Peer 1: 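Before I ask anything, let me first share the structure, which is written out below as structure tokens.
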Amino acid sequence: MKKDYKMIVLFILPCVITLLVMYAYPVVRTFLMSFFSMPNITAPVGEWEFAGFGKYEKIFTSTTFIRSIQNMLMIWIFGGIITLALALLFAVILTSGIRFKKFFRAAIYMPNVISAVALATMWIQYIFNQQYGMLNSLIKFFNGTPINWLATDMKFWAMLGSFIFGAVGYYMLIFISGIEKIPQDLYEAATIDGASKIQQAFKITFPLLKGVTKTNLTFWTINTATFYLWSKMFSPVDTEASVVVPVMYLYDTAFPSRGSTGADPGAAAAVGIVLALIILAVYLLMNKVIKDDEVEL
Amino acid sequence: MGFRNKEKIPAHRINWKKEATMLPGYIILLVWLGFTAAFLLWILGASLSTTPEIMQGKVFKFETGLHFENYALAWSQQNVARYFANSLLYSVAGCFFTIVISAPASYVLSRYKFICNKIIKSSLIIAMSVPAVMIVLPIYAITASWRNAPDRLIFTVLMIFFRVPYTTVYLLNFFATLSRSYEEAAAIDGCSPAGTFWRIMFPLVQPALVTVTIFNFLGIWNEFFMALIFASSQSVAPVGVGLLQIVNSMRYTGQYGALFAAVIIVFLPTFLLYIFLSEKIIAGVTGGGVKG
């Protein structure tokens, strides 16, 4: 047994070290940083100056941060409704006994697997291109006036649209797994009673998908709170207010671009804490509001 | 992708009435799929065209032939070869060492009772959901003090650490379902507990190891936020950050053909992986019970 004990320690130690070095220590330090002023990220703790809630005050009075929160909320609400609705639509179609189900499912999920930077580049450099882009070619084909999709007032929606295209597949898979757990005899009974496919969707499928909807909403919230890549791709050099999101504000505050001196690691840490609290709050709220108590699937 | 339709039935047995009620469904799926295929094909066409052809919207005419030199240009002059090699290094080394750390830990966590077992398991689950923004600032401070360590090593280590909680938690259920009789038989034959793990138990969970490694590979290959902070200089950047740099330098170079060739080169490895492994990947997304 003593030999076993030695093995247990040896086997678990690298994993515990990972947890401490990569997660426990950084989380605690980020939390502490959010209450201090410091000249740069690498400054030793000795040079930190206590700032109380000053950093939180600073970010919540920053117009860029407020704008980033507004953008995040818009992504969460509009993006969430469209993504989850499309995902549910595809899931219902794919589980209705359609042919080539596996092929369609794999094709819709595909953007989740390929490099998002490559995908975003395809959208920006081709689909939204003003001169030879797909959308404007279509508009010209129907004799419309071409739109500058990447102009300031359209950019946010262009970004959201392309992000949704890539995101739908993941949520669709979760919905499909939920639908496939619903017993088939419910549908057979409904069909015998003369219910149409659409009635079946509204009366059987949707009510029984509460549990997976909760999962999807939680993932969507995390996805939105940590949204970064698409904003960066749509404003690659200088951050633009139209697409700024909190993580981008955090990055710019912690690592200001060359020349500028405004690094404020404390404020960046405060942004991180705010985002973590948002995720935690939504997670707790989801578990309270949507209970999958009635039917355990 | 599932090109083979397993439920294929002879044509004369197709229930046309049933298929007709699903027509709207087919139309919606085909529109989505057609759009995806159209823009992927266009990108492929553009990667073989000259910049003026792209600008004039003459991508599929190939009037001046197929310009494979775009790929050569992207690969050597625009540094894609370097980014590609970096990504390959991060992904392969990351996947390997993640398993070396996670598999033994997962094994003892699922099969031995000891103090802290529960605490470690819950810590791993919490660690999985900690967003990167909560940890990057202190990690940057730590790694800044190791500035003489090569950047590639630092980023590889970070990627390993980043994948360990997910990998360990993913493997827990698979180790837990193995029969005790393997260990008992090995002990009777005089095999040490550690030997039993590496020689008998580890190979038994091979299917789970393959699935989790696919997800780790995709995760590291596509990592962007951490890469931008820890591996953004030209010599150590992975493909994602590298592609961003190519896009940013476009306004000076104006080589659109080469840009689209670079996009295809970055896109292709994970796309090919997906074509062969889509069933396994899709089963892993929902089957493992945890998110990648």
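So that the names make sense, note that chain A is the first sequence line, chain B the second, and so on, each numbered from 1. As the structure is a prediction and not an experimental result, all values here were calculated from the model.
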Peer 1: So which pairs with a foot in residues 109-128 of chain A pass side chain to side chain donor-acceptor pair (under 3.5 Å), sequence neighbours left out?
Peer 2: none
Peer 1: Classify the angle between the aromatic ring planes of F162(B) and Y23(A) as parallel (below 30°), tilted (30 to 60°) or perpendicular (above 60°).
Peer 2: parallel
Peer 1: For the side chain of Y274(B) and the backbone of P111(A), is there at least one donor-acceptor N/O pair under 3.5 Å apart?
Peer 2: no
Peer 1: Which atoms of F39(B) come close to chain A, meaning under 4.5 Å heavy atom to heavy atom: side chain ones, backbone ones, both, or neither?
Peer 2: both
Peer 1: Go through the atoms of Y25(A) and report whether side chain, backbone, both or neither lie under 4.5 Å from a heavy atom of chain B.
Peer 2: side chain
Peer 1: Heavy-atom cut-off 4.5 Å, strictly under: side chain, backbone, both or neither for I17(A) against chain B?
Peer 2: neither
Peer 1: For residues 98-110 of chain B, tabulate all N or O donor-acceptor pairs below 3.5 Å that involve a side-chain atom, not counting sequence neighbours.
Peer 2:
from	atom 1	to	atom 2	distance (Å)
T98(B)	OG1	G94(B)	O	2.5
S102(B)	OG	T98(B)	O	3.0
S102(B)	OG	V164(B)	O	3.3
S102(B)	OG	T168(B)	OG1	3.1
S106(B)	OG	T168(B)	O	3.0
S106(B)	OG	L172(B)	N	3.1
Y107(B)	OH	E183(B)	OE2	2.6
S110(B)	OG	S106(B)	O	3.0
S110(B)	OG	Y107(B)	O	3.2

Peer 1: Using non-hydrogen atoms only, which part of L229(A) is less than 4.5 Å away from chain B: side chain, backbone, both, or neither?
Peer 2: both
Peer 1: Is L119(A) close to chain B through its backbone or its side chain, or both, or neither, when contacts mean heavy atoms under 4.5 Å?
Peer 2: side chain
Peer 1: For M22(A), which atoms come within 4.5 Å of any heavy atom of chain B: side chain, backbone, both, or neither?
Peer 2: both
Peer 1: Tell me, yes or no, whether the heavy-atom count around L23(B) atom CG, taken from other residues, nucleotides or ligands under 6.0 Å, exceeds 12.
Peer 2: yes
Peer 1: Flag the pair Y112(B) / F11(A) as yes when their ring centroid distance falls below 6.0 Å, and as no otherwise.
Peer 2: no
Peer 1: With a 3.5 Å distance limit and no angle check, can you tell me whether N222(B) reaches the backbone of V113(A) through a side-chain donor-acceptor pair?
Peer 2: yes
Peer 1: Given that the side chain runs from C-beta out, which part of L89(A) has a heavy atom under 4.5 Å from chain B: side chain, backbone, both or neither?
Peer 2: side chain
Peer 1: Measuring heavy-atom distances to chain A, does I120(B) have an atom under 4.5 Å in its side chain, in its backbone, in both, or in neither?
Peer 2: both
Peer 1: Determine whether more than 12 heavy atoms belonging to other residues, nucleotides or ligands lie under 6.0 Å from atom CZ of F84(B).
Peer 2: yes
Peer 1: If you count heavy-atom pairs under 4.5 Å between each of I127(A), V28(A), I174(A) and chain B, which one has the most?
Peer 2: I127(A)
Peer 1: Could you tell me how the ring of Y132(A) sits relative to the ring of W42(B): parallel (under 30°), tilted (30 to 60°) or perpendicular (over 60°)?
Peer 2: parallel
Peer 1: To the nearest 0.5 Å, tell me how far Y140(B) OH sits from T42(A) OG1.
Peer 2: 7.5 Å
